[in-house]
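Read the structure below first, then the notes.
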Amino acid sequence: MTSSDGEPRDREPQDGKRSGASGSVRSGAGLLDDRRPRPVWSRDFALFFVARALARLGETMLPVALAAGLLRYGYGVGAVGLAMAASAAPFAALVVFGGVIADRFSTRRLMIGADLVRLVAQSIAAALFFAGHVVLWQVCVIGAVNGVAGAVFQPGVASTVPRLASDIQGANGAIRIAESAAQLAGPALAGLLVAFASAGGVFVAHAGTYALSALCLLLLRLPAAAPASRTHGGGFRADLAEGWREFRSRTWMWAVIVIWCVYMISVWGPTVPLVATEMVRAHGPRAYGLINSALGAGTVVGGLVALRLRPRRMLRAGSLALLAFACFPASVGAGFGVAAVSACAMIAGAGTSFWGVMWATSVQTQVAPDVLNRIHAYDVAGSLAMMPVGQALAGPAAAALGADNVLLVAGVMSLVVCAALLSVPAVRDLVRVDGPVSRSPNGTPVPLEHAVRPSGPHKTGARPPV
């Protein structure tokens, strides 16, 4: 038999011995959990780690390429924003459907296909810029294709991590560090390519990151997926509805997403553009670059802390860490110097990175594998939905109240959001789970080994209910 990703399933031992390839045991009762942990740093996790780092590197290079390329050919800032939105909008609109597709088909093949589509799209963009034939609508169409491919790719990320490492928190911490390091290097590398080559050279490099990512995923050997508690016998619409029901049934999850929408509108949305304009106006672009580097360095620190710290109530610890972000917009609004703002940015980056690892790990360990891709898609869509609203309101709010006052309000609202997270018992008291879960007959998540371990004799080949 083969897994959903086309990988061979382990043969069933005749005497109940452990199967070393999948870390599981088969008996007449079904699949039993193997207590031996798979270490984070295996060959396959290393390949996935490199793929994620390369993808993030390319994503952080793209804004520099679009800005430098479009401005050179006579387009304005509005055109740059439109080109970026052309990619973001299809992604946000379609990622939920991508979650359904990822739960029905091979996630690895879908991710490889998405990378190859983006490789072709960015190669075409590079050819346009090298030829000097840059038309805005063509750039927007290429961006839209990238957005659709990203919507197919992203949901599979959530379910891949638990299949590669039993230390899911450690794996998420390592990936966060890789993405943060790439975020630091990406803009600088793009700037060098623009200076010594052209914007087309950045698009070539971006296309190359997708090619290498696809190669890493092609070489990846995913272990067999955990046994699904339900089969996908229904249609696409039924799977979509089931994903929504599963999402809605978890108070801790939808409560975080609702509160996060407020965070995006009142904190993150206005902070990004207003910090940029205020720091560039007061101290120049180099100072703003230094602050961005400090923010990225902080996210690396947060990932390192998440590798070591193992709180029992992960979302409570993450919410407390998120309090640190308040000092970043507040320091800019208060008119602090570059050194002080950089220090606050580093602290803020560490707090948000730690929260990100706690949240990702909670989702991946509290949700049954057969619906994880769909629920992750709802998570991504809900988390990103209000960010453009916050960014759009930043300008009018700054004109009415002053940019410094808006940033001070953002600092206060960051504290309010964290207090709101901590005020929800389902969020505050969620107890960590260190491995994948399955669903009991009443839909309650339970640890996978408890769900499938036999409690008595079963017929040969039968599985206990999960």
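Index from 1, following the sequence.
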- Task: Starting at OG1 of Thr160, measure out to CG of Asp44 and round the result to the nearest 0.5 Å.
- Result: 11.0 Å
- Stepwise, does the side chain to side chain contact (heavy atoms under 4.5 Å, CB included) test hold for Val161 with Ile175? CA-CA 10 Å; Val161 173; Ile175 291 173; 3.9 Å; yes
- Message: Could you tell me if Asn172 and Thr361 have a donor-acceptor pair between their side chains, going purely by distance under 3.5 Å?
- Response: yes
- Tell me, do Val427 and Leu422 make a side-chain contact under 4.5 Å, heavy atoms counted? no
- Query: Would you say the side chain of Pro162 lies within less than 4.5 Å of the side chain of Thr365, judging by non-hydrogen atoms?
  - Reply: no
- Message: Can you confirm whether Leu421 sits close enough to Leu315 that some side-chain heavy atom of one is under 4.5 Å from a side-chain heavy atom of the other?
- Response: no
- Query: Rounded to the nearest 0.5 Å, what separation is found between the CZ atom of Phe48 and the OG atom of Ser42?
  - Reply: 11.5 Å
- Message: Keeping Ser423 on the side-chain end and Ala420 on the backbone end, is there a donor-acceptor pair under 3.5 Å?
- Response: yes
- Item | Considering all heavy atoms, the nearest Ala199-Ala65 contact | CB-O, 3.8 Å
- Item | Reference residue Asn146; test side-chain hydrogen bond (donor to acceptor under 3.5 Å, both in side chains); the match among Arg118, Glu59, Gln122 | Gln122
- Query: Quick one: are Leu110 and Phe153 in side-chain contact, heavy atoms under 4.5 Å?
  - Reply: no
- Query: Is the shortest heavy-atom distance from the side chain of Arg176 to the side chain of Ser180 under 4.5 Å?
  - Reply: yes
- Polar contact flag, side-chain donor to acceptor under 3.5 angstrom, Gln366-Arg432: no
- After noting the C-alpha distance and the side-chain angles of Asp429 and Arg312, does the key distance pass the salt bridge (charged side-chain N to carboxylate O under 4.0 Å, His left out) rule? CA-CA 9 Å; Asp429 298 329; Arg312 174 173 169 78; over 6 Å; no
- Considering all heavy atoms, the nearest Gly201-Leu193 contact: O-CD1, 4.1 Å
- Query: Does the pair Glu246 and Arg374 meet the rule for a salt bridge (charged side-chain N to carboxylate O under 4.0 Å, His left out), with working shown?
  - Reply: CA-CA 9 Å; Glu246 291 289 335; Arg374 278 169 283 174; over 6 Å; no
- By salt bridge (Lys or Arg N to Asp or Glu O under 4.0 Å) - contacts of Arg428 (at least two apart): none
- Message: Quick check on ring pair (Phe, Tyr, Trp, His ring centres under 6.0 Å): which of Trp254, Phe97, Trp244 does Tyr378 satisfy it with?
- Response: Trp244
- Item | Heavy-atom side-chain contact between Ile177 and Leu307 under 4.5 Å | yes
- Determine, stepwise, if the pair Leu62 / Phe203 fulfils side chain to side chain contact (heavy atoms under 4.5 Å, CB included). CA-CA 7 Å; Leu62 184 58; Phe203 281 101; 3.7 Å; yes
- Item | Short side-chain to backbone donor-acceptor contact, Arg108 and Leu218, under 3.5 Å | yes
- side-chain contact (heavy atoms from CB on, under 4.5 Å) partner of Val341, chosen from Ile291, Val275, Leu290: Ile291
- When rounded to the nearest 0.5 Å, the distance separating CG of Leu184 from OG of Ser293 is 6.0 Å
- Message: Once you measure the plane-to-plane angle for Trp359 and Trp355, does it fall in the parallel (<30°), tilted (30-60°) or perpendicular (>60°) bin?
- Response: parallel
- Straight-line distance of Leu401 CG to Leu407 CG, nearest 0.5 Å: 11.0 Å
- Task: Check Ala368 against Arg250 and note the closest heavy-atom contact, atom names and distance.
- Result: N-NH2, 4.2 Å
- Message: What I'd like to find out is whether the side chain of Val262 reaches to under 4.5 Å of the side chain of Val258, using heavy atoms alone.
- Response: no
- Task: Given side chain to side chain contact (heavy atoms under 4.5 Å, CB included), test Arg43 with Leu219 step by step and report yes or no.
- Result: CA-CA 10 Å; Arg43 168 195 175 274; Leu219 297 174; 4.0 Å; yes
- Does the pair Glu179/Arg52 count as a salt bridge with the N-to-O cut at 4.0 Å? yes
- Message: If we ignore hydrogens and angles and just use 3.5 Å, is the side chain of Gln169 paired with the main-chain N or O of Val357 as donor and acceptor?
- Response: no
- Considering all heavy atoms of both residues, which atom of Ala126 and which atom of Gly200 are nearest to each other, and what is their separation? CB-O, 3.7 Å
- Kindly give the heavy-atom pair with the smallest separation between Leu220 and Leu164, and that separation in Å. CD1-CD2, 4.1 Å
- Pairwise distance CG(Leu119) to OG(Ser213) - rounded to 0.5 angstrom: 10.5 Å
- Message: For a quick test of reading the model, state the closest non-hydrogen atom pair linking Pro311 to Met358 and the distance between them.
- Response: CG-SD, 3.7 Å
- Task: Could you label the plane-to-plane angle of the Phe328 and Phe325 rings as parallel, tilted or perpendicular, counting under 30° as parallel and over 60° as perpendicular?
- Result: perpendicular
- Under a 4.5 Å cut-off applied to non-hydrogen side-chain atoms, are Ile112 and Leu116 in contact? yes
- Task: Rounded to the nearest 0.5 Å, what's the gap from CD on Glu278 to CG on Asp404? Could you check?
- Result: 6.5 Å
- Item | Thr299 versus Ser353, side-chain donor and acceptor atoms under 3.5 Å | no
- Task: Evaluate the criterion side chain to side chain contact (heavy atoms under 4.5 Å, CB included) for residue pair Val152 and Met111; output intermediate values, then yes/no.
- Result: CA-CA 7 Å; Val152 174; Met111 289 191 288; over 6 Å; no
